[in-house]
Each structure stands twice: as structure tokens, then as C-alpha cells.
Amino acid sequence: MALIDEIARVVGSANVTVDPDVLARYANDHSFVQPRKPTLVAWAEDQAQIQEVVKYANETSTPVTVRCAPRSGSVRARWICVRGARASA
């Protein structure tokens with residue numbers, strides 16, 4: 001199964017994008033790491049979805065970056081940037 005299809009299976013196709021403008025916005029953060037455009041960005045709705053995406057990424061050696069934002073006094077993951085192992089960045 002293709003990377004995008006598998007991630008969409010986990011989080012729902014409405015929660016996955018490959019839009020170039022969105023990918024560009026998620027290409028960097030406030031760290032010292034050089035920006036890299038992800039293959040896709042997915043928005044998880046709960047911890048179980050994040051765990052399943054990370055498990056899939058581990059099994060396929062696919063790099064992921066989980067980013068989070070504060071929500072109601074706690075920090076919860078909001079989106080996942082996935083860069084396919086063989087996809088051009």
C-alpha cells in the first residue's frame with residue numbers, strides 16, 4: 001500500500017494533504033535543523049492515531065516529525081509530517 005494511502009487509512013483522507021503550499025509551511029520549525037519539505041502532512045485526532053502512524057513509520061523506516069501545540073493546559077499532538085524514505089524532498 002502506498003504511503004499516502006496507509007496514512008489516510010489511519011487518520012482519514014480528509015486529514016491528509018500533499019498540497020505544496022501546506023507542505024512548504026510545515027517544512028521547518030524553530031529548531032536548528034535545516035528545513036525539509038515533507039511528503040505529506042496529516043492531522044491526528046487522538047493518541048491512538050499517532051501511535052499507529054509512528055508504528056507504520058517504524059516498520060517501513062519512514063521519517064516522521066510529530067509536532068504539537070498546547071490545548072486546554074496540556075500538550076497534545078496536532079499534526080504529523082511524514083517524509084517518505086524514497087521520495088524526493
Side-chain angles (χ1 to χ4, degrees):
M1 188 175 290
L3 172 66
I4 295 168
D5 294 335
E6 182 62 23
I7 302 302
R9 182 192 66 74
V10 174
V11 300
S13 59
N15 293 325
V16 176
T17 187
V18 294
D19 179 282
D21 292 332
V22 175
L23 299 180
R25 285 197 311 262
Y26 286 88
N28 61 9
D29 58 17
H30 298 288
S31 71
F32 61 88
V33 178
Q34 181 176 350
R36 295 190 73 169
K37 187 165 53 171
T39 302
L40 64 90
V41 174
W43 290 269
E45 295 187 12
D46 58 35
Q47 182 178 354
Q49 288 181 345
I50 295 167
Q51 288 173 335
E52 194 166 343
V53 168
V54 171
K55 180 180 176 186
Y56 171 78
N58 187 49
E59 291 169 353
T60 60
S61 299
T62 301
V64 297
T65 302
V66 178
R67 299 172 74 179
C68 54
R71 182 176 175 168
S72 300
S74 64
V75 176
R76 297 181 58 180
R78 296 293 307 266
W79 55 86
I80 306 164
C81 299
V82 179
R83 188 171 50 82
R86 293 193 173 93
S88 59

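Computed from heavy atoms alone, side chains included, the values below leave out hydrogens, waters and symmetry copies. Just so you know, these numbers come straight off a predicted model, no measurement behind them.
Using a 4.5 Å cut-off on side-chain heavy atoms (C-beta onward), Thr39 and Val18 make no contact.
Nearest heavy atom pair, residue Val16 against residue Ala8, reads CG2-CA, 3.8 Å. The two residues Val11 and Ala44 make their nearest non-hydrogen contact at CG1-CA, 4.3 Å. Across Pro38 and Ala27, no two heavy atoms sit closer than the pair CD-CA, 4.1 Å. Residues Ala24 and Lys37 come closest through the heavy atom pair N-CD, 4.2 Å.
Distance check, rounded to the nearest 0.5 Å: CD of Glu45 to CD1 of Ile50 gives 10.5 Å. Between atom CD1 of residue Ile7 and atom CG of residue Asn15 there is a gap of 12.0 Å, rounded to the nearest 0.5 Å. Rounding to the nearest 0.5 Å gives a distance of 10.0 Å between CG of Asp5 and OG of Ser13.
Checked against side chain to side chain donor-acceptor pair (under 3.5 Å), Glu52 has the following partners two or more places apart in sequence or in another chain: Arg9. Residues meeting the side chain to side chain contact (heavy atoms under 4.5 Å, CB included) test with Asp19, sequence neighbours left out: Thr17, Asp21, Val22.
Other residues, nucleotides and ligands place more than 12 heavy atoms under 6.0 Å from the CD atom of Glu59.
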